[in-house]
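One structure is given below, encoded as structure tokens.
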Protein chains: 2
Amino acid sequence: MAGSKSKSSRVTLIDVARKSGFSPSTVSIVLSEAPLSRYVAAKTKERIRKAAQSLGYRPDVFARSLRSRRSHTIGVLVFDISDPFCVLILRGIEKTLQSTSYLPILMDAQHDREQFERYFDLLMERRVEGLIVVANWLFDEGGLLERLKDRHMPTMVVGRDVSEKNIGSVIVDNETGGYIAVKHLYELGHRRIAVIRGPGALSDSNRRWNGIHRFAGEHSLQLDEKLVRQLPGAIDPISGFEGGVQITEDLLRSRQKFTALVAFDDLTALGAIRALSGAGRSAPRDCSIIGFDDVPLAALSTPGLTTIRQPMEDMGSAATSRLLNALGNSRVTAEVSTNLELLRPALVLRDSTSRLA
Amino acid sequence: MAGSKSKSSRVTLIDVARKSGFSPSTVSIVLSEAPLSRYVAAKTKERIRKAAQSLGYRPDVFARSLRSRRSHTIGVLVFDISDPFCVLILRGIEKTLQSTSYLPILMDAQHDREQFERYFDLLMERRVEGLIVVANWLFDEGGLLERLKDRHMPTMVVGRDVSEKNIGSVIVDNETGGYIAVKHLYELGHRRIAVIRGPGALSDSNRRWNGIHRFAGEHSLQLDEKLVRQLPGAIDPISGFEGGVQITEDLLRSRQKFTALVAFDDLTALGAIRALSGAGRSAPRDCSIIGFDDVPLAALSTPGLTTIRQPMEDMGSAATSRLLNALGNSRVTAEVSTNLELLRPALVLRDSTSRLA
DNA sequence: CACAACTATTGAATCGATTTAATTAGTAGA
DNA sequence: TCTACTAATTAAATCGATTCAATAGTTGTG
């Protein structure tokens with residue numbers, strides 16, 4: 001075809017300059033919409049854009065980033081993508097980023113702390129302009145975020161409360177969640193309610209318990225200590241399931257009576273259902289069970305799991321918006337407002353809970 | 001501190017050159033292990049490395065890529081990351097890439113075809129050196145890969161058979177999978193076996209059916225046409241579940257007798273279990289159910305789902321290895337060997353199937 | 001001893017953009 | 001008339017590496 005170099009070398013800015021009859025400088029200014037483009041005549045702009053278009057010009061990301069010292073990327077570091085909890089958060093992040101000029105660079109630390117740090121460094125090397133850490137409940141708080149503090153990189157953490165200078169967090173209101181969970185069971189008539197608390201090291205765990213406790217206090221509901229158990233420290237995404245199985249088996253063996261159970265999260269709840277079934281009982285007939293999170297598979301189990309939903313997609317969006325906000329104000333002194341953002345949980349009614357006969 | 005410039009400007013190659021006493025050229029050659037480094041004296045190398053180390057030098061990715069025309073990255077394009085099927089494949093890819101100098105750049109098309117193309121272009125713009133497409137069963141075959149063919153970019157597709165020039169695929173041996181599935185039920189004594197086939201447009205679906213059919217032929221097992229149904233075209237990752245519910249309800253209503261059911265995949269199987277339970281029956285007591293895939297949640301449902309495992313992590317690894325291989329031979333003419341790689345499925349025994357009473 | 005071949009290192013060009021300071025022209029105010 | 005400012009455009013420097021051709025020095029060989 002006429003005009004198309006047989007050598008399929010890339011189309012560069014200079015090609016556009018030649019074709020449009022303006023200098024590379026002007027072309028650059030127009031196409032990258034630099035501040036100076038205010039002074040460029042409208043006709044010039046148009047002609048340059050047309051030339052670029054007709055040549056199919058795409059700026060070279062590397063050259064651009066090298067000179068401008070901007071990457072137009074945001075690092076998204078997930079601690080363990082196999083945790084179903086994460087996926088919807090990612091969706092929220094991606095959707096929010098879509099309308100901007102930022103590109104997410106997603107890395108999965110595969111539940112490995114070293115990997116996490118390695119990828120963290122890689123993201124820094126790639127000069128991401130901001131960072132979103134998706135921290136599932138396995139995320140070890142101790143010191144892992146130390147290095148985040150050093151760099152002055154606007155950072156948001158989703159799913160974990162990390163109150164540090166220049167680091168913002170978005171999490172669900174765990175206390176309210178716990179409150180709602182028992183409230184639901186209470187309103188169904190249950191009074192002997194077992195609770196499987198999360199690992200003690202997890203702040204989520206304690207907050208949810210606080211909510212449960214507060215409700216109990218307000219309604220003079222007796223929480224029998226013998227019916228309150230705690231998951232051991234978690235190792236991988238499904239250890240919650242196994243913990244749920246074991247603790248529930250143990251509760252059943254103990255011959256304590258209970259007609260309902262609040263599980264720390266959905267996986268624990270699924271474990272409880274499994275244990276119940278193993279003992280020849282079933283939910284909700286013999287025992288109502290409520291989970292927490294509303295991970296996708298909660299809707300797919302039989303019975304469908306009644307649970308407290310974390311608005312995961314919203315959490316992703318909220319974190320991203322705040323990050324963008326910090327980035328927009330002034331890139332140099334970008335500071336994420338430090339405070340914590342709490343999102344409201346919601347009760348999702350399915351079939352694992354029922355009115356006490 | 002002594003030596004540390006208060007202005008925290010980056011450490012560049014020139015700084016290392018100054019400190020080590022060699023020229024930038026030599027430093028570059030040594031640190032990037034270019035071919036010429038064969039001729040650099042061992043002592044020189046050592047001194048340069050030490051200088052770089054002590055300054056904390058990290059090469060600038062953008063400058064490097066600009067000049068060398070290499071990005072050291074591999075694009076990983078997932079059609080829908082919320083499909084549990086994908087996650088383990090990703091893990092396989094990442095693990096294989098870890099020991100190399102390639103960095104995966106992961107993008108999630110969020111089940112949106114336009115998004116897929118947008119991200120595809122973005123990856124090209126970022127000059128990835130190879131591409132891995134993780135295509136779950138929702139991936140629309142028609143024409144979506146057209147553009148892959150144009151660019152001469154080494155490409156592997158996981159989870160879908162795309163036989164195109166210069167595109168390799170890695171999938172599970174679906175026919176064998178189907179064969180194993182009925183075989184298992186047959187050996188448990190089942191003779192009246194229902195089958196929920198996948199959407200007709202899906203080649204997976206037909207292959208699995210072929211396997212089932214072949215087994216039936218070899219063992220003169222009668223497959224009652226009235227017990228064979230087909231899922232409608234899929235829309236989102238969980239439409240298999242709903243399809244499973246509806247078809248199973250329909251089968252139950254039809255009053256045809258069957259003691260076992262082969263579901264197209266795990267989600268469909270979970271749907272079948274749900275429908276069974278809705279009709280007051282349960283698996284495996286009233287009907288044995290076998291799924292396909294072994295997605296993570298198959299182990300968490302009650303009863304645990306007996307299923308045919310796709311070796312997803314291996315599939316990811318295999319695809320990556322072959323891509324690396326193509327990349328290694330000669331970057332310019334890198335060609336992925338076109339042929340399809342079939343991985344063996346395996347029966348995973350859990351509790352949703354049992355011997356016919 | 002001349003010539004090649006190899007070792008060891010470097011100067012200078014280059015990748016493709018952005019950005020700064022400079023240039024020109026026009027126009028308004030003192 | 002001179003200054004000051006704005007509008008419109010551009011030449012040239014720059015970002016931080018890689019790479020190629022060039023330069024010596026050294027060794028081998030016929």
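Chain naming here is simple, since letters A, B, ... match the order of the sequence lines and numbering starts at 1 in each. Atom set for the values below is all heavy atoms of this structure, side chains included, hydrogens, waters and symmetry mates excluded. Remember, it's a predicted structure, so these values are computed and weren't measured experimentally.
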Discussion item. Between B/Ser317 and B/Thr320, do the side chains contain a donor N or O and an acceptor N or O under 3.5 Å apart?
Written reply: no
Worksheet, complete the sentence: Quick note, B/Ala41 side chain, CB onward, closest among C/dG16, C/dT9, C/dT19 is C/dT9
Practice prompt. With heavy atoms under 4.0 Å as the rule, sort A/Ser25 into base, sugar-phosphate or nothing.
Written response: base
Worksheet item: Want to settle it: does B/Lys45 or A/Thr12 sit nearer the 5' end of DNA chain C, counting the closest nucleotide to each?
Response: B/Lys45
Item to complete: May I ask you to say what B/Ser32 touches in the nucleic acid, namely base, sugar-phosphate or nothing, with a heavy-atom cut-off under 4.0 Å?
Response: sugar-phosphate
Practice prompt. Determine: side-chain N/O of A/Arg64 to OP1/OP2 of C/dT18, distance under 4.0 Å, yes or no.
Written response: yes
Fill in: Minimum-distance nucleotide (side-chain atoms of A/Ile29 versus D/dT10, D/dA17, C/dA8)
D/dT10
Worksheet item: B/Glu125 CD to C/dG16 C1': how many Å, rounded?
Response: 14 Å
Worksheet entry | For atom OH of B/Tyr39 and atom P of D/dT27, their distance in whole Å | 17 Å
Discussion item. Does D/dG16 have OP1 or OP2 under 4.0 Å away from a side-chain N or O of B/Tyr57?
Written reply: no
Discussion item. Nearest 0.5 angstrom please: B/Ile105 CD1 to B/Thr73 OG1, how far?
Written reply: 4.5 Å
Worksheet item: For B/Ile14, which contact category applies under a 4.0 Å heavy-atom criterion: base, sugar-phosphate, or nothing?
Response: nothing
Worksheet item: Could you give the CZ-to-P distance, from A/Arg70 to D/dT14, as a whole number of Å?
Response: 23 Å
Worksheet item: What does A/Thr44 touch in the nucleic acid at a heavy-atom separation under 4.0 angstrom: a base, only the sugar-phosphate, or nothing?
Response: sugar-phosphate
Worksheet item: Within this structure, what is the CG-to-P distance between B/Asp15 and D/dG16, rounded to whole angstrom?
Response: 9 Å
Worksheet entry | side chain to side chain donor-acceptor pair (under 3.5 Å) assessment of B/Gln115 paired with A/Glu94 | CA-CA 11 Å; B/Gln115 199 55 231; A/Glu94 284 168 358; over 6 Å; no
Worksheet item: Under 4.0 angstrom, heavy atoms only, what part of the nucleic acid is B/Phe22 near: base, sugar-phosphate, or nothing?
Response: sugar-phosphate
Response to the item:
Separation of D/dA8 atom P from A/Glu46 atom CD, nearest Å, is 15 Å
Discussion item. Reading DNA chain D from 5' onward, which residue's closest nucleotide shows up sooner: B/Arg58 or A/Val40?
Written reply: A/Val40
Practice prompt. Would you mind telling me which of D/dA7, D/dA17, C/dT19 lies closest to the side-chain atoms of A/Arg38?
Written response: D/dA7
Response to the item:
With the side chain defined as heavy atoms from C-beta on, A/Leu36 is closest, among D/dA8, D/dG16, C/dT20, to C/dT20
Practice prompt. Take the protein atom CG of B/Asp60 and the nucleotide atom C1' of D/dA17, then report the distance between them rounded to whole Å.
Written response: 7 Å
Worksheet entry | Distance, rounded to the nearest Å, where A/Arg18 contributes CZ and D/dT10 contributes P | 15 Å
Worksheet item: Are A/Arg69 and D/dG16 close enough that a side-chain N or O sits under 4.0 Å from OP1 or OP2?
Response: yes
Worksheet item: To the side chain of A/Arg67, which of D/dT19, C/dT7, D/dT14 is closest?
Response: D/dT14
Fill in: Selection from C/dT7, D/dA7, C/dG16 that lies nearest to any side-chain heavy atom of B/Leu66
C/dG16
Worksheet item: What is the distance from atom OG1 of B/Thr96 to atom CD1 of B/Ile74, rounded to the nearest 0.5 Å?
Response: 10.0 Å
Practice prompt. Looking at every strand, decide which applies to A/Ser28 at a 4.0 Å heavy-atom threshold: base, sugar-phosphate, or nothing.
Written response: base
Worksheet item: When you measure from the side chain of B/Leu13, which nucleotide among C/dA17, D/dA17, D/dT19 comes out closest?
Response: D/dA17
Worksheet item: A/Tyr57 pairs by side chain to side chain contact (heavy atoms under 4.5 Å, CB included) with which of A/Ile48, A/Asp15, A/Leu13?
Response: A/Leu13
Discussion item. Tell me the interatomic distance from B/Arg10, atom CZ, to D/dG16, atom P, rounded to whole angstroms.
Written reply: 8 Å
Item to complete: Taking the side chain as every heavy atom from C-beta outward, state whether B/Ser20 and B/Val27 have any atom pair closer than 4.5 Å.
Response: yes
